[in-house]
Amino acid sequence: MSRWIDLEKKYYMPVTRRQPIVLVKGRGARVWDEEGKEYLDFVAGWAVNSLGHCHPVVVEAVEKQVSTLVLASNQFYTLPQLELAQFLAENSCLDRVFFQNSGAEANEGAVKLARKYGKVHLGGAYKIITALNSFHGRTLTMVSATGQPHYQEPFTPLTPGFVHVPFNDVEAIKEATDGETCAIMLEPVQGEGGVIIPASDYLQKVRQWCDEKGLLLILDEVQTGMGRLGTLFGYQHFNVEPDVMTLGKGLGGGIAIGAFLAKERCVALQPSDHGTTFGGNPVACAAALAVSRYIVGKDIPSHVARLGEYLKGRLELLRARYEIIREVRGLGLLLAVEFWENISGELVSACNSEGLLVNPVRPNAIRLMPPLTLTPEEVDEAVRRLDRALGKVLKEEGQKAVPQPG
Ligand SMILES: *Cc1c(COP(=O)(O)O)cnc(C)c1O
């Protein structure tokens with residue numbers, strides 16, 4: 001076993017479940033381990049490496065900025081931050097931006113904005129309705145917002161004020177709304193929850209409810225934003241406009257950055273209500289500006305929509321050959337393959353050996369979230385590797401009987 005794995009065992013907090021692979025290099029959609037073995041990377045830093053690894057646009061932007069001005073605090077104006085704010089506002093339905101360092105922090109900012117909005121405009125309303133099976137991050141308040149008890153139980157008492165309802169159920173939101181509700185916070189597609197796509201009119205109905213009751217609609221687009229679903233932002237796919245949107249993951253093309261954006265009328269925050277030391281720093285913003293310009297300039301979302309359909313089609317062909325595949329689902333390049341049995345652990349190991357990195361998002365499902373710049377040839381190669389890995393796992397399982405859809 002690699003000495004790096006021994007070091008991790010000895011010195012790192014034992015909280016991360018890792019695959020036994022030590023990665024040392026990446027280029028495009030591929031990464032290499034310390035022994036020089038090459039992998040197609042369909043994890044992409046959990047949907048972070050939007051332009052793949054070490055894209056020249058990102059490398060150049062970071063190199064240039066890191067040798068010009070790295071950080072100067074938000075006590076002063078710095079350039080990439082303001083150019084990026086302008087770019088995101090001009091290319092979205094939101095008006096104002098604040099930069100953070102991660103998705104969880106972006107959501108924290110959105111929740112603070114909603115609470116202040118409740119105080120100022122809704123008579124002190126403070127409750128936020130979120131969905132069961134959601135994922136909003138790992139800070140204590142985002143753990144409280146996240147509708148998955150296993151993330152919460154070790155850390156109670158939680159931040160009060162979050163109400164969880166089933167996803168894709170407008171009536172449940174209506175029932176949970178009371179005079180103290182200030183906002184509804186949802187992912188357009190639940191990513192970490194297993195790539196769960198709501199009914200096409202769900203978000204529109206939630207939007208109508210928010211309008212009726214004067215509530216803020218916060219969309220957590222940390223995973224779905226910046227082209228991932230085949231539209232620049234997920235809300236465009238569902239034909240709604242949020243009042244507040246959060247971004248993270250793919251925004252910086254690998255460099256840590258988060259953002260929350262809001263419509264002008266919702267910006268209840270005032271000077272000194274919020275702040276950050278590293279958020280909006282020139283290096284992260286220069287990277288994100290280069291990535292955002294590339295994604296918009298090259299119309300990457302259209303490429304993602306086409307390639308996502310192509311990948312889905314190839315996976316459907318696998319489903320026709322492997323009875324154990326229950327469903328292929330997803331939008332753009334955020335896809336999941338669900339099985340009738342809990343094989344994702346074994347399958348991920350087999351994929352590792354075949355040179356394909358995927359995420360075991362559920363015991364019975366894997367998630368695919370490759371770089372948005374993926375090519376059809378890389379899709380073909382990845383599907384061949386997945387095919388071989390599946391063959392291996394099923395052979396080892398002795399072709400166990402598979403239940404048929406009822
Ligand atoms: C990953 C994720 C987060 C948390 O982002 P971090 O950068 O890990 O803090 C929040 N919301 C969604 C939808 C995510 O997928």
Side-chain angles (χ1 to χ4, degrees), residues 23-33 38-72 78-92 97 99-103 105-106 221-233 246-259 261 276 278-304 307 332-334 357 359 368-375 378:
L23 293 175
V24 295
K25 195 177 93 173
R27 195 65 90 237
R30 290 166 204 270
V31 287
W32 286 264
D33 71 14
E38 170 262 338
Y39 304 83
L40 273 166
D41 185 5
F42 276 46
V43 176
W46 292 330
V48 164
N49 302 103
S50 42
L51 306 188
H53 294 270
C54 301
H55 193 286
V57 153
V58 181
V59 172
E60 273 164 35
V62 170
E63 278 180 354
K64 185 160 168 254
Q65 191 59 49
V66 93
S67 53
T68 305
L69 181 68
V70 172
L71 187 129
T78 52
L79 309 188
Q81 178 187 105
L82 301 172
E83 287 176 282
L84 179 61
Q86 180 182 20
F87 191 89
L88 291 176
E90 286 180 354
N91 284 280
S92 72
V97 186
F99 294 114
Q100 308 269 189
N101 306 290
S102 67
E105 265 193 11
E221 296 236 23
V222 169
Q223 189 158 157
T224 55
M226 301 316 291
R228 177 62 51 187
L229 300 188
T231 46
L232 184 57
F233 302 109
T246 58
L247 298 173
K249 293 209 161 88
L251 176 58
I255 304 297
I257 185 168
L261 300 84
T276 171
F278 290 105
N281 71 76
V283 175
C285 290
L289 182 61
V291 168
S292 305
R293 280 183 176 154
Y294 190 90
I295 287 174
V296 171
K298 302 270 180 199
D299 194 12
I300 297 297
S302 298
H303 171 77
V304 169
L307 217 68
L333 286 172
L334 181 58
L357 303 182
N359 170 250
L368 310 178
M369 42 192 162
L372 307 180
T373 47
L374 200 70
T375 65
E378 287 163 343

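These numbers were taken from a predicted model, which means no experiment stands behind them.
The shortest side-chain heavy-atom distance between Val62 and Val283 falls under the 4.5 Å cut-off. Put simply, the side chain of Pro301 reaches to within 4.5 Å of the side chain of Asp299, judged on heavy atoms.
Rounding to the nearest 0.5 angstrom, the gap separating the CG atom in Asn281 from the CD1 atom in Ile255 is 9.5 Å. Rounding to the nearest 0.5 Å places CD1 of Ile295 at 5.5 Å from CG of Leu51. Note: Phe278 CZ to Ile257 CD1 = 14.0 Å, rounded to the nearest 0.5 Å. One finds the CG atom of Leu251 at 8.5 Å from the SG atom of Cys285 (value rounded to the nearest 0.5 Å). Note that the CG atom of Leu374 and the CD1 atom of Ile300 stand 11.0 Å from one another [nearest 0.5 Å]. For the atom pair Lys25 NZ and Leu23 CG, the distance stands at 12.0 Å (nearest 0.5 Å).
Listed here is the closest heavy atom pair of Ala44 and Pro370: CB-C, 4.1 Å. Here the closest non-hydrogen pair linking Glu105 and Gln100 is OE1-NE2, 3.0 Å. When all heavy atoms are compared, the tightest approach of Ala259 to Phe99 is CB-CD2, 3.6 Å. Shown here for Asn359 and Trp46, the closest heavy-atom pair between the two residues is ND2-NE1, 3.7 Å. The two residues Ala287 and Gly252 have their closest heavy-atom pair at CB-O, 3.9 Å. Listed here is the closest heavy atom pair of Gln81 and Gly279: NE2-O, 4.2 Å.
Side-chain contact check for Gln65 and Thr68: no donor-acceptor pair (N or O, by modelled atom type) lies under 3.5 Å.
For residues 53-62, no pair satisfies salt bridge (charged side-chain N to carboxylate O under 4.0 Å, His left out), with sequence neighbours left out. Every pair passing salt bridge (charged side-chain N to carboxylate O under 4.0 Å, His left out) that includes a residue from residues 281-297 is listed here, sequence neighbours excluded: Glu83-Arg293.
Exactly one of His53, Met369, Glu378 qualifies for a side-chain contact (heavy atoms from CB on, under 4.5 Å) with Asp41. That residue is His53. If you run side-chain contact (heavy atoms from CB on, under 4.5 Å) between Glu221 and each of Leu261, Leu229, Leu247, only Leu247 comes through.
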Worked verdict on Ser292 versus Asn91 for side-chain contact (heavy atoms from CB on, under 4.5 Å): CA-CA 10 Å; Ser292 305; Asn91 284 280; over 6 Å; no

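For Phe87, the CZ atom sits in a packed shell: over 12 heavy atoms of surrounding residues, nucleotides or ligands are nearer than 6.0 Å.
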